[in-house]
Amino acid sequence: GHDDKVACTKLQFHLLRTMAVQSLVKALRLPCLVMLASAFTAKPTPTAQTCRFVPPLFVGTSLGRASTSTGHTEYDTTGTLPSHATFPTTMVPLSCPPLLLLKSSSPLISKDGCDLLSRYFEQRTTNEQESQKAEMLLQEVHSVINTVTNCPHHQGEMTKPRYVKYIPKLVDKGLFLDALLPDGLHVDTNNGKLFRHITAILYLTTNKDGFIDDYRSDGNLTLVAGGGTSFPLAVPSHSTIDHAFDKTENAAFNLLHRGIQHTKGDVALDGPELEKASLGIFYRENKQYIHDISDQFLYNNHQYKGLRVMPEEGHLIYFHNVGGDGMADPTSFHGGEEIAVLSSEHDFDLATVGHKSILVFFKEIPVEKITGVESFASEVQKARSWTKSTYYGEKQV
């Protein structure tokens with residue numbers, strides 16, 4: 001019954017809290033990078049949707065910073081050095097609530113900075129100095145994310161993001177859409193990571209859909225598509241149509257109600273429904289390219305719903321994974337598209353296409369603030385209210 005589910009949820013939180021404390025104690029025995037979280041306090045203006053971030057002051061000196069008359073150092077806002085991260089003017093809402101999904105108005109790091117971080121995570125840095133520059137840049141990226149999300153770093157969080165690289169794949173015409181989302185969709189509280197309430201993704205490459213003729217004109221038709229981050233339940237922020245509950249949203253609710261947080265956990269009904277919706281978004285944006293290779297049943301009938309965020313190097317997105325009730329937000333189901341290549345050339349060189357690389361950061365509610373479901377939900381609601389008030393123009397309740 002309902003009481004049993006509540007008791008089970010509370011027990012799960014107790015067990016996870018115990019495990020998190022044990023992990024924290026273990027982590028404290030190891031040397032780690034100390035983040036200067038207290039120095040990175042957000043200073044947004046009161047006006048919503050025009051929130052501007054003032055670069056915080058730092059103690060000490062490093063590449064890309066200039067001394068001030070106070071003896072401190074502050075950001076050099078030119079953004080020309082690879083080991084330097086800059087604050088965006090604001091974070092722009094991409095979706096309407098309940099999903100809170102935002103994108104930086106400008107790049108955090110330059111193309112050189114993106115390349116440097118890619119080499120660092122692929123262990124291709126040429127020397128120790130280059131590795132140190134990458135680590136410094138990564139620390140500054142952490143600092144920007146801490147500020148724009150209003151979630152300071154704490155000892156329980158991961159110190160390094162997850163690096164994911166997508167290599168382009170040559171696919172057959174009949175399997176083109178199947179190749180886009182081989183790993184399906186998920187919510188980021190998957191695998192028992194219930195404390196992850198915010199996910200931030202930093203794009204290290206720029207990817208777009210279209211014929212390869214955009215880059216190389218040799219008369220052959222080669223379609224390169226994919227690479228986006230798909231949110232099938234997002235309602236675009238510019239939409240004027242009332243949000244309506246539909247079978248796609250019902251599938252997401254059903255999965256979470258059954259304790260399934262990944263579409264591959266249900267390959268018969270609700271999982272495929274969500275994946276079909278994501279492929280429908282892709283088709284909607286690329287039907288001029290693939291109208292003759294797709295089946296009608298893949299199309300999403302709700303044309304106003306669903307978003308694909310296409311990678312732009314140096315840009316950041318962040319979204320809330322957990323609702324105000326402390327439970328996984330069904331509208332946060334998302335997935336990373338592969339880069340699919342359809343070519344008339346049998347010996348097409350995939351190296352001419354380029355890859356997709358991202359860094360994934362997770363923000364967690366500090367374990368010391370959690371005593372149960374209610375306290376966790378309260379902390380989550382505070383974070384959601386801050387995002388709404390700062391970027392969406394909604395007053396905090």
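Positions are given from 1, in the same order as the sequence printed here.
- Between Phe361 and His142, the ring planes lie perpendicular to each other; the angle is over 60°, past the 30° to 60° tilted range.
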Taking it one step at a time, do Asn286 and Arg308 satisfy side-chain contact (heavy atoms from CB on, under 4.5 Å)?
CA-CA 12 Å; Asn286 291 280; Arg308 293 173 70 226; 3.5 Å; yes

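- Partners of Arg119 according to the salt bridge (charged side-chain N to carboxylate O under 4.0 Å, His left out) rule, which considers only residues two or more places apart in sequence or in another chain, are Glu130.
- Under the rule for a side chain to side chain donor-acceptor pair (under 3.5 Å), the partners of Tyr318 that lie at least two apart in sequence or sit in another chain are Thr387.
- With hydrogens and angles left out, the side-chain atoms of Gln139 and Ser143 include no donor and acceptor closer than 3.5 Å.
- Of the possible polar contacts, one joining the Ser110 side chain to the Gly113 backbone as a donor-acceptor pair under 3.5 Å is found.
- Distance CD1/Ile339 to OG1/Thr205: 6.5 Å, rounded to 0.5 Å.
- Judged purely by atom type and a 3.5 angstrom limit, Arg384 has no side-chain atom pairing as donor or acceptor with the backbone of Leu100.
- Remark: Ser278 OG to Leu185 CG distance equals 4.0 Å, nearest 0.5 Å.
- Under the 4.0 Å criterion applied to side-chain N and carboxylate O atoms, Glu364 and Lys369 are not assigned as salt-bridge partners.
- Residues satisfying the side chain to side chain donor-acceptor pair (under 3.5 Å) criterion with Arg196, sequence neighbours excluded, are absent altogether.
- Sorted by first then second residue, the salt bridge (charged side-chain N to carboxylate O under 4.0 Å, His left out) pairs that include residues 146-157, not counting sequence neighbours, are Glu157-Lys363.
- For the atom pair CD of Glu313 and CG of Leu108, the computed distance is 13.0 Å after rounding to the nearest 0.5 Å.
- The line from OH of Tyr203 to NZ of Lys103 is 7.5 Å long, rounded to the nearest 0.5 Å.
- Looking at residues two or more places apart in sequence or on another chain, you find a ring-ring contact (aromatic ring centres under 6.0 Å, His included) between Phe121 and Tyr163.
- Looking only at side-chain heavy atoms (C-beta outward), Asn321 and Gln261 stay at 4.5 Å or farther from each other.
- By the ring-ring contact (aromatic ring centres under 6.0 Å, His included) test, Phe231 is found to be paired with Phe319, His334, residues two or more places apart in sequence or in another chain being considered.
- Within the 4.5 Å cutoff, side-chain heavy atoms of Ser343 are placed close to those of Leu170.
- Between Leu94 atom CG and Tyr391 atom OH the span is 12.5 Å, to the nearest 0.5 Å.
- Residues Ile201 and Leu316 fail the side-chain proximity criterion, which asks for heavy atoms closer than 4.5 Å.
- A distance of 7.5 Å separates CD in Glu338 from NZ in Lys356, rounded to the nearest 0.5 Å.
- Both Val360 and Leu99 sit in one connected hydrophobic cluster of ILVMFWY residues. Membership requires side-chain heavy atoms under 4.5 Å apart, directly or through other members.
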